[in-house]
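Structure record follows, encoded as structure tokens.
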Amino acid sequence: MSETISHAGVAAVHAAEHHDVHHHKETFITKYIFSQDHKTIGKQFLITGMIWAILGGFMSVLFRLQLGFPDSTFPWLETILGKWAKGGHLIDEAYYSLTTLHGTIMIFFVLTGGLSGTFANFLIPLQIGARDMASPLMNMLSYWFFFIASIIMLSSLFVETGPFSGGWTAYPPLSALGAASDGSKTGMDLWWISLVLFVVSQLLAGLNYISTVLNMRTKGMSMTRMPLSVWGVFLQAVLGVLSFPVLFAGFILLLFDRHFGTSFYLSDIYVGGTALAHEGGNAILYQHLFWFLGHPEVYIVILPAMGLVSEVMSTNARKPIFGYSAMVMSMFAIVILAFLVWAHHMFVTGLNPFLGSVFVLLTLLIAVPSAIKVFNWLTTLWRGNIRFTPGMLFAIGFVSLFISGGLTGIYLGNSAIDIHVHDTYFVIAHFHLVMGVAAFFGMFCGVYHWFPKMYGRHMNPTMGYVHFWLTLIGAYLIFWPMHYEGLAGMPRRYYDYSNWESFKQFVSLNRFISIAVIVTFAAQFLFVVNFFWSIFKGRKLTTQNPWLSNTLEWTTPIKPVHGNWPGEIPEVYRWPYDYGKDGKDFITQTTPIGDDESEHH
């Protein structure tokens, strides 16, 4: 890989842009709403994602009330949900709509748009030494497509027939036939439009991230000197650009089946005893297209979190990251294997057993690079001079959750076991731990660590510690018992399990889980209050580099303007993990290598 690419030309262009910025007065609208500054856009993604997280989390509280207290009524539910909770009891259609939107919102709008949108935008130019993204305009458009998609999805809550209720995967025929249920009517159309706009947003953003990383690194910033946080968002962008178009194509075919009478996914459908005209399609085709994105989506979510955690862990352990090259190569391996394992979600669809065996092998292979990363994180911590900041605690918590959820993934990768626990609470427990809560921990870790660079103030650490412990304990209390329920065969998505004698044994356990969900959700308001309070009242930053970190973003002013550095962009001479080297606590990337300096890697 080339050491530097067109630095002189890029620097000249951006110096000119920087000059222009300071000679054209910005209005409130151009500075805060239609801003093209990557830092502002990153904050917009973060705050929009936080609003979505509160809504998505609150939806889980609502449907957990049904699961934990199926025979109880809550009059306040009717006050806020109207006919969807008549008599204070959630109706079945509303239950399925809430579970559908919870999954859609959390996976796409929070953990994809919110997480990668925030940190890719905020960190890439700052950490590679660029004044902005390759295309600031395209960057702004990616946020606004995301925002419009959010508004459309939100509006589906207010249509007469309610939001889509066929599950976040939108399998046909529930998604393809308007007559399937109330939620398959207008709510499904709005879900579809929203997700199509969301995919456009991700493609615009991903192309921009890739172009910026490949073309706009400052002098000396080779690919092998990039922080792992940049590697994480760069590789997730590659993954997204290659896989989202497949989902987009699948959605287009779904639109044709839904409104133009085609039969890509439909055949032999009867509604009210009458055969529909659809012939020759196959719903399994949709599953192949969906999961070709759906499984890489797991890594689109987790790769940025892996990068953030690696960066925060090395900085706060005051040690070089262990096995930098192995960390990068394992992320490459994850990207490649992520495209080869989609059918392990489809073991019960009648998949040829030989083909199933191939996907079992490929699925188990992806455990290897994941294990390498875990080993390197633990080795980085080993004998480190650890600073237990809130960001560091969330980084360690991420590793704990990733190990816990990853181990159960080995069971699910085996087709014989997967068939037994398919669509049970075991699956819910697995993916919530490994990509849901773990990714949230990666996001919290990043926010606590880079908040001083975002707003020039510190977050309150005491509230951060309480937030961490309540969230970590809550996550395990919610999802560990679900493994037990799943192994016992309790299926997911059931509105009322009390009609089955064999599942009545879980009444107390479900009540316990629901209470844990409520407490853990309430604990997140500690973070929300801390975040917004600290923006205005937090302790002010007095130094550019409060964490004594090596990377470039800490060489900018405390509140960097559009353009990031007031003069020349600093040159890079070394990798970002020179901690504890030659008796020095840290050595920034802008420090030239001394003649008598020891080699590090």
Side-chain angles (χ1 to χ4, degrees), residues 33 40-64 80-81 97-122 142-159 162-165 167-170 187 190-202 204-205 236 240 244 297-298 300-302 304-305 431-432 435-447 454 467 471 475 517 520-532 535:
I33 299 177
T40 303
I41 294 170
K43 293 175 196 173
Q44 288 173 328
F45 270 107
L46 175 60
I47 292 174
T48 309
M50 286 171 64
I51 293 169
W52 268 126
I54 293 169
L55 284 171
F58 184 59
M59 289 175 183
S60 70
V61 169
L62 294 179
F63 67 72
R64 278 307 315 187
I80 61 172
L81 297 178
S97 291
L98 289 174
T99 55
T100 298
L101 286 195
H102 169 74
T104 304
I105 289 168
M106 288 303 195
I107 290 174
F108 292 114
F109 290 90
V110 180
L111 296 179
T112 303
L115 176 54
S116 67
T118 298
F119 292 103
N121 272 294
F122 192 78
S142 75
Y143 171 74
W144 282 102
F145 270 100
F146 172 73
F147 183 80
I148 295 168
S150 300
I151 296 298
I152 293 173
M153 184 63 72
L154 190 64
S155 69
S156 71
L157 287 168
F158 302 99
V159 297
F164 180 48
S165 59
W168 76 275
T169 52
L190 293 173
W191 187 95
W192 184 90
I193 295 168
S194 173
L195 262 291
V196 166
L197 292 174
F198 176 83
V199 170
V200 173
S201 162
Q202 291 304 299
L204 288 172
Q236 73 85 23
F244 268 116
E297 173 66 20
V298 172
I300 288 172
V301 165
I302 209 69
F431 77 74
H432 271 87
M435 71 166 281
V437 187
F440 260 102
F441 270 54
M443 187 155 53
F444 287 135
C445 150
V447 173
M454 290 180 178
H467 172 226
T471 307
V517 167
T520 309
F521 176 71
Q524 303 318 303
F525 284 95
L526 278 175
F527 171 78
V528 175
V529 170
N530 192 3
F531 181 87
F532 287 105
I535 289 175

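Computation of the quantities below employed the complete heavy-atom set of this structure, encompassing side-chain atoms and omitting hydrogens, waters and symmetry-equivalent molecules.
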Residue pair Phe431, Val298: steps toward the side chain to side chain contact (heavy atoms under 4.5 Å, CB included) verdict: CA-CA 9 Å; Phe431 77 74; Val298 172; over 6 Å; no
Test log, rule side chain to side chain contact (heavy atoms under 4.5 Å, CB included), inputs Val200 and Phe244: CA-CA 9 Å; Val200 173; Phe244 268 116; over 6 Å; no
Audit row: Gln524, Ile54, side chain to side chain contact (heavy atoms under 4.5 Å, CB included) steps and yes/no: CA-CA 8 Å; Gln524 303 318 303; Ile54 293 169; over 6 Å; no
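In this pair, Phe527 and Phe531 present their aromatic rings tilted. The plane angle is within the 30 to 60° band. Relative orientation of the Tyr143 and Phe146 rings is tilted, given thresholds of 30° and 60° on the angle between their planes. Classification of the Phe444-Phe440 ring pair by plane angle, with boundaries at 30° and 60°, yields tilted.
Annotation for Ser156 and Leu190: closest pair CA-CD1, 3.6 Å, computed over non-hydrogen atoms. The nearest pair of heavy atoms linking Ser97 to Pro163 is OG-O, 3.1 Å. Taking both residues in full, the closest heavy atoms of Leu115 and Ala439 are given as CD2-O, 4.1 Å, listed atom of the first, atom of the second, then distance. Between Gly114 and Met443, the shortest heavy-atom contact is C-SD, 4.4 Å. Leu204 and Ser142 get closest at one heavy-atom pair: CB-CB, 4.0 Å. Taking every heavy atom of both residues into account, Val110 and Gly49 meet most closely at CG2-O, 3.8 Å.
Within 6.0 Å of the CZ atom in Phe147, the count of heavy atoms belonging to other residues, nucleotides or ligands does not exceed 12.
Annotation: side chain of Met50 is in contact with side chain of Phe532 (closest heavy-atom distance under 4.5 Å). Between Gln202 and Ile300, every side-chain heavy-atom pair lies at or beyond the 4.5 Å cut-off. Residues Thr48 and Phe109 have side chains not in contact (no heavy-atom distance under 4.5 Å, counting atoms from C-beta outward).
Here the CG-CG distance, from Leu101 to Leu154, works out to 9.5 Å after rounding to the nearest 0.5 Å. Distance CD1/Ile33 to OG1/Thr40: 11.5 Å, rounded to 0.5 Å. A distance of 9.5 Å separates CD1 in Ile107 from OG1 in Thr169, rounded to the nearest 0.5 Å. Between the OG atom of Ser165 and the CH2 atom of Trp191 there is a distance of 12.0 Å, given to the nearest 0.5 Å. Considering CZ of Phe525 and NE2 of His467, their distance stands at 11.0 Å, rounded to 0.5 Å. For the atom pair CD1 of Ile148 and OG of Ser201, the computed distance is 10.0 Å after rounding to the nearest 0.5 Å.
In summary, of the residues considered (Trp52, Phe108, Phe145, Trp192), a ring-ring contact (aromatic ring centres under 6.0 Å, His included) with Phe198 occurs for Phe108 alone.
Under the side-chain hydrogen bond (donor to acceptor under 3.5 Å, both in side chains) criterion, the residue pairs touching residues 111-122 are Thr112-Glu297, Asn121-Asn139, Asn121-Tyr209, with sequence neighbours excluded.
In terms of the side-chain contact (heavy atoms from CB on, under 4.5 Å) criterion, residue partners of His102 (sequence neighbours excluded) are, by chain and number, Met59, Ser60, Phe63, Met106, His432.
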